[in-house]
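Quick note: residue numbers are just sequence positions, from 1. Here the structure is a predicted model, which is why all the values come from computation and not from measurement. One-based numbering, in listed order, for ligands and for the atoms of each. Only this structure's heavy atoms are used, side chains among them; waters, hydrogens and symmetry mates stay out.
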Amino acid sequence: MTERDRQQHAHLSALTQAYAEVLGAQGFDGVLLYSGRPARHFGDDQHASFTAYGHFVHWTGQAQLAHSWLLIRPEEPPTLYLHAPQDFWHLPAELPEEPWVASLRVERCKTTEPPSLPPGRFAVLGDLDSGMARALGAEANPPGLVAALDERRVCKSDYEVSCLREANRRALAGHLAAREAFEAGGAELDIQLAYLAAARQRESELPYPNIVGLNAHAGVLHYQHYDTAPPPVRHSLLLDGGRRFRGYCADITRTWAGPAAAPEFAPLIEGVTALQQRLIAGLAPGVSYVGLHARMHEELAALLVSHGLVAASPEAVLASGLTRAFCPHGLGHLLGVQVHDVAGRVSADGEPLPPPAEHPALRLTRELEAGMVVTMEPGLYVIPMLLEAHRHRTEVNWGRVERLADHGGIRIEDNVLVTAEGPDNLTPQEA
Ligand code: GLY
Ligand code: MN
Ligand code: MN
């Protein structure tokens, strides 16, 4: 048994205990977790790529296993109803050689029908079609139960941290290969293919579509295309690339200057990287993530001034709202079996914690706790649509800003475990 296998065993014991407590407190005899089903394209016989429901993945790590169900009852081993039809078109699902498989009953199911439930009060969670809950005689997605189970995903077990670390290690191999493809003059598609080859994961299994932005595309926050031709000149590459390991997600961004970069661009990348490292150093239990996000804006204001993009005091830059035009997204989010993991905007007792009105994109508004894994992803972009509202500001060095527009922007993103002893950066720091 490997160390990770031992950790998985402990993870499942703790999960069993947690579910027993939550189900007992809410008066349920059990809960049935539905992995889900891929959407079929309208009028077609082809399906979209698929990701299983987070609570199903929390137990099994199987992020691609569709049409399957997991029944959890206190005092009983979990039962996995594994969709494994007799089918000569497809290879039936196989389970991995991991300890969780031995700790549950497995029933192989030939149809996509839900299993029948024993007598009692049951909930069924997942992306159900209208008839499923009725057919099961169970309560569909009761909000109180979903919230309580979401909360149990917020702080990670040693096993989950180990998986997140491994996902990061494998994602970073992709990033290094992608950087080489960029330096060799590759197109966005070449860079993506180099990433996938080195990270050794097919595109449909990634936690999110990789963002591979050359030049101005780096300033489109969720840029979604892969140009097949290299651009005539290369100013920059922003690569936001992930990977799953046993269901757990890496979410890493790097930005590199190209041979045609303006001289001020590489120092700006260094500035954002140093800023990110300072913010990471501030991660500790009891710290407000909203406060860290506010600190990111203070630091961005100072960076805009020190790099000659704005000629004013950092306080005045902050007050003008300019930093929000240069960085309209949040500092980061919780990370787990979903890239934007659940329960980032509620307190531990379920009270909503909406983001501040001027920072609507912030996905994490909680106080930090040991065991949380968060992303730290400050950015600085030239987004003409947002800068337009600030055109009248004479303190902005518009010439310099416009020279950077062809570079799109900068984001540096690591995945960090919060501990009482200090931040533990799960993302290997490349040379
Ligand atoms: N890759 C999506 C994000 O950074 O949140
Ligand atoms: Mn990302
Ligand atoms: Mn992220």
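Side-chain polar atoms of Y226 and D190 form no donor-acceptor pair below 3.5 angstrom.
Using a 4.0 angstrom heavy-atom cutoff, H333 counts as in contact with ligand 1. For H340, the heavy-atom gap to ligand 1 drops under 4.0 angstrom. Ligand 1 has at least one atom lying under 4.0 Å from a heavy atom of D240.
For the side chain to side chain donor-acceptor pair (under 3.5 Å) with H58, the lone residue among Q338, R153, E160 that qualifies is E160.
Ring-centre distance between H297 and H359: below the 6.0 Å cut-off. Taking the six-membered ring wherever Trp is involved, the centroid distance between the rings of H235 and F265 does not fall below 6.0 Å.
The shortest N or O to N or O distance between R363 and ligand 1 is not below 3.5 Å. Residue E413 places at least one N or O, backbone or side chain, under 3.5 Å from an N or O of ligand 1.
Between atom CE of residue M296 and atom SG of residue C327 there is a gap of 4.0 Å, rounded to the nearest 0.5 Å. Going from atom CG of D150 over to atom CG of L125 covers 9.0 Å, rounded to the nearest 0.5 Å.
With a 4.5 Å cut-off on side-chain heavy atoms, L65 and L82 count as touching. Between F28 and V22 the shortest side-chain heavy-atom distance does not fall below 4.5 Å.
When distances from the Mn ion (ligand 2) to the N, O or S atoms of E413 are compared, OE1 comes out shortest. Residue D251 approaches the Mn ion (ligand 2) most closely through its N/O/S atom OD1.
Of all protein heavy atoms, the one lying nearest to atom 4 (O) of ligand 1 is E377 OE1, 3.0 Å. Counting only heavy atoms of the protein, atom 3 (C) of ligand 1 lies nearest to D251 OD2, 3.4 Å.
The Mn ion (ligand 2) has an N, O or S atom of D240 closer than 2.8 Å.
Centred on the Mn ion (ligand 3), the angle running from H333 (NE2) to E377 (OE2) is recorded as 90°, rounding to 10°.
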